[in-house]
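Have a look at the structure below before the remarks.
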Amino acid sequence: VFTTVTLDEDFIAELEETLVLSDVAMATTEKLIESLRQQVKKERPETIEQAKALFKREMARVLGTEPAPLQFSPQPPTVWLILGVNGTGKTTSIGKLANLMKQQGYRPLLVAADTFRAAAIEQLQIWGQRVDAPVIAHRPGADPAAVVFDAVRAARSRGHDLVLVDTAGRLHTKHNLMAELEKVSRVVERETGRQPDESLLVLDATTGQNGLAQASAFTQSVPLTGIILTKLDGTAKGGIVITIADQLHLPVKLVGTGEKIGDLAVFDPQEYVEALME
Amino acid sequence: GLSAKLQNAFAKLRGKVTLKEEDVDAAMREIRLALLEADVNFKVVREFVAQVREKAIGADVLKNLNAPQMVVKIVHEELVKLLGGEPVKMKFSSHPPTIIMMVGLQGTGKTTTCGKLATWLKSERKKPLLVATDVYRPAAVDQLKRVGEQANVPVFEMGTNVSPVEIAKQAVNHARQRGLDVVIIDTAGRLHIDEQMMREAAAIKAAVQPHETLLVVDAMTGQDAVNAATEFHNAVGVDGIILTKLDGDARGGAILSVRQVTGKPVKFVGIGEKLDALEPFYPDRMAGRILG
Ligand SMILES: Nc1nc2c(ncn2[C@@H]2O[C@H](COP(=O)(O)OP(=O)(O)OP(=O)(O)O)[C@@H](O)[C@H]2O)c(=O)[nH]1
Ligand SMILES: Nc1nc2c(ncn2[C@@H]2O[C@H](COP(=O)(O)OP(=O)(O)OP(=O)(O)O)[C@@H](O)[C@H]2O)c(=O)[nH]1
Ligand SMILES: [Mg+2]
Ligand SMILES: [Mg+2]
């Protein structure tokens with residue numbers, strides 16, 4: 001009675017296509033399909049819907065079933081470092097995140113540590129105005145580590161319980177830029193006595209297989225605690241995060257769903273899998 | 001790379017007198033994996049591997065001692081063909097100003113590329129004008145103004161309370177009055193499924209009739225490239241492609257889908273954040289990069 005489902009190669013081919021088109025790596029796709037075959041042998045589903053439910057369970061093994069919470073420090077200020085390659089949505093995500101955290105009663109301080117790109121400081125300052133959160137900034141060309149040093153001091157003296165650090169986009173292949181990022185993280189460590197409470201990689205949902213290279217490289221410079229997956233309001237699914245979860249055990253914590261202040265939500269693994277399987 | 005992986009696949013074929021379908025499958029699978037890893041579109045990979053399979057069998061190379069290298073050569077040649085063969089030159093209008101419009105998804109590098117293009121045009125003795133029509137993104141106009149200062153190129157802007165269509169029209173008049181011969185219109189990043197924004201892009205195009213509408217694509221784009229490229233081409237119409245962030249290690253296979261759905265050439269590639277980081281596109285080099 002379950003032969004249609006156990007060996008239905010059309011179902012498998014369709015599943016493979018869904019995953020690969022969503023940018024899940026081929027290796028991860030094959031691994032998930034192999035686990036599914038094992039489960040199907042064991043559980044003997046009788047319908048396609050039951051087989052799909054088994055598959056969602058396999059996905060849950062990789063992504064978890066519950067949102068991964070954001071980490072706060074027992075001793076304020078909590079410091080979150082926002083990093084990633086160029087153009088993924090770091091600055092915009094910080095604006096949205098500050099808004100989200102203000103709604104939860106926090107007093108965020110924004111840090112304009114992108115001292116390189118044209119008008120990066122101004123961009124964050126506009127977000128600061130929108131959210132009504134102060135922004136610590138130096139001049140363009142200043143040392144990002146110096147800006148962060150000032151910001152942590154200012155957070156303490158002005159009673160900010162949350163510090164959100166915006167950093168310049170950087171390709172993980174550029175060693176000098178990765179060294180700069182390490183220096184920023186070290187400054188946080190020296191000033192607070194611990195690593196940033198969150199080091200969040202901002203990943204664009206349209207990114208393909210390079211997303212895995214990005215996560216692997218960044219985490220070697222600054223141990224990553226999570227991912228912000230942006231631009232999920234497009235047609236891209238960001239499936240590389242499944243590969244990243246499987247290989248690096250790094251969870252998605254937040255998702256960006258647009259360009260407006262309210263377009264940021266906590267990542268729900270079950271909702272994400274539902275959307276993927278549509 | 002691919003050559004080494006094919007060595008393993010072909011080792012089994014060497015002793016055989018005749019080849020069965022399954023024998024060739026292993027080799028084709030390695031090619032398929034390499035291309036998917038490089039973000040080449042799923043369907044493009046299927047068609048491509050079918051073509052390579054036919055060529056390889058036809059050329060009777062599969063039992064050859066050098067089969068792996070010969071098959072890689074076939075794959076490379078087929079990729080170069082899909083990528084557009086020859087590097088393409090920039091054409092200028094005989095009735096200046098030449099009008100160039102940059103479009104694309106959010107964050108792909110349009111604003112920075114406008115600056116790079118302006119810098120290159122100056123080196124070619126042109127008098128470019130940058131036009132700021134992104135009235136949405138915080139400090140986007142400031143960003144283009146800064147870029148203009150760095151490139152030593154004038155920037156036409158009307159703040160953020162005037163419609164992009166109006167800004168573009170007035171910019172072209174401004175260029176004509178001042179004898180500036182190339183107008184580079186930077187536009188806001190937009191989703192291909194955002195109907196209002198796609199209509200806006202089409203309206204800007206209709207208003208100023210650009211000689212070149214360039215789609216700016218991020219080299220790390222994955223399978224979604226085909227969707228965005230299709231919509232941009234259908235809704236706005238694309239004359240050329242600029243592939244950015246090639247200074248990273250993304251293989252850039254998405255360019256094949258963009259090429260396939262637009263049929264248009266890649267005119268330039270972005271290889272860094274500075275304003276001199278713009279190069280012509282070399283299909284041969286890109287094929288090598290995609291193959292890894
Ligand atoms: N549609 C959509 N656009 C987004 C989202 N997040 C950011 N963007 C857009 O992506 C573009 C880049 O955003 P930024 O915040 O400047 O990205 P960034 O990572 O700070 O860029 P760099 O600092 O230059 O590396 C902007 O046009 C944003 O409005 C999202 O969730 N959805
Ligand atoms: N490494 C590298 N970075 C680039 C390249 N081109 C652009 N960038 C960076 O990518 C980020 C986004 O560039 P922008 O020019 O702001 O992108 P955009 O397409 O105008 O963004 P939106 O207007 O928000 O859609 C910036 O950090 C740029 O410095 C490139 O070729 N290489
Ligand atoms: Mg930024
Ligand atoms: Mg821009």
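Quick note on labels: first sequence line is chain A, next is B, and so on, each numbered from 1.
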Which atom pair, heavy atoms only, marks the closest approach of [X] to [Y]?
X	Y	value
B:A139	A:A119	O-CB, 3.8 Å
A:M26	B:L33	CG-CD2, 3.3 Å
A:V85	B:M220	CG2-CE, 3.4 Å
A:D23	B:G222	OD1-CA, 3.5 Å

Taking atom [atom1] as the centre, does [X] end up with more than 12 heavy-atom neighbours from other residues, nucleotides or ligands that are less than 6.0 angstrom away?
X	atom1	value
A:Q103	CD	yes
B:Q150	CD	yes
A:K102	NZ	yes

Side chain, backbone, both or neither: which part of [X] has a heavy atom under 4.5 Å from chain A?
X	result
B:L144	neither
B:I193	side chain
B:D247	both
B:R137	side chain

Note: [X]-[Y] ion pair, threshold 4.0 Å (strictly below):
X	Y	result
A:K237	B:D224	no
B:R146	A:E122	yes
B:R32	A:E16	yes

Check: For the candidates A:T235, A:T173, A:I126, which exhibits the highest count of non-hydrogen atom pairs separated by less than 4.5 Å from chain B?
Finding: A:T235

Next item on the list: May I ask you to name which of A:G87, A:G211, A:G239 has the most heavy-atom pairs under 4.5 Å with chain B?
Entry: A:G87

Next item on the list: Mind ranking B:L191, B:D194, B:T108, B:T244 by heavy-atom pairs under 4.5 Å with chain A and telling me who comes out on top?
Entry: B:L191

For residues 37-52 of chain B, dump all side-chain donor-acceptor pairs below 3.5 Å to protein atoms at least two apart in sequence or in another chain.
residue : atom : partner : partner atom : Å
B:D39   : OD1  : A:Q209  : N            : 2.9
B:N41   : OD1  : B:K43   : N            : 3.0
B:N41   : OD1  : B:V44   : N            : 3.2

Item checked: Residue A:Q129 versus chain B: region with a heavy atom under 4.5 Å -> neither

Next item on the list: Against chain B, label A:T88 side chain, backbone, both or neither, depending on which of its atoms sit under 4.5 Å from a heavy atom there.
Entry: side chain

Notebook entry, point to check: If you measure from CG on A:N86 to CD on B:E273, what distance do you get to the nearest 0.5 Å?
Noted result: 4.0 Å

Note to self: Holding to side chain to side chain contact (heavy atoms under 4.5 Å, CB included), I want the full list of residues that pass it with A:A213, two or more places apart in sequence or in another chain.
What the structure shows: A:H172, A:N210, B:D249

Next item on the list: Could you go through the side chain to side chain contact (heavy atoms under 4.5 Å, CB included) check for A:T207 and B:T221 one step at a time?
Entry: CA-CA 5 Å; A:T207 304; B:T221 312; over 6 Å; no

Next item on the list: Give the intermediate values and the outcome of side chain to side chain donor-acceptor pair (under 3.5 Å) for residues A:Q123 and B:Q143.
Entry: CA-CA 9 Å; A:Q123 186 185 4; B:Q143 184 187 3; over 6 Å; no

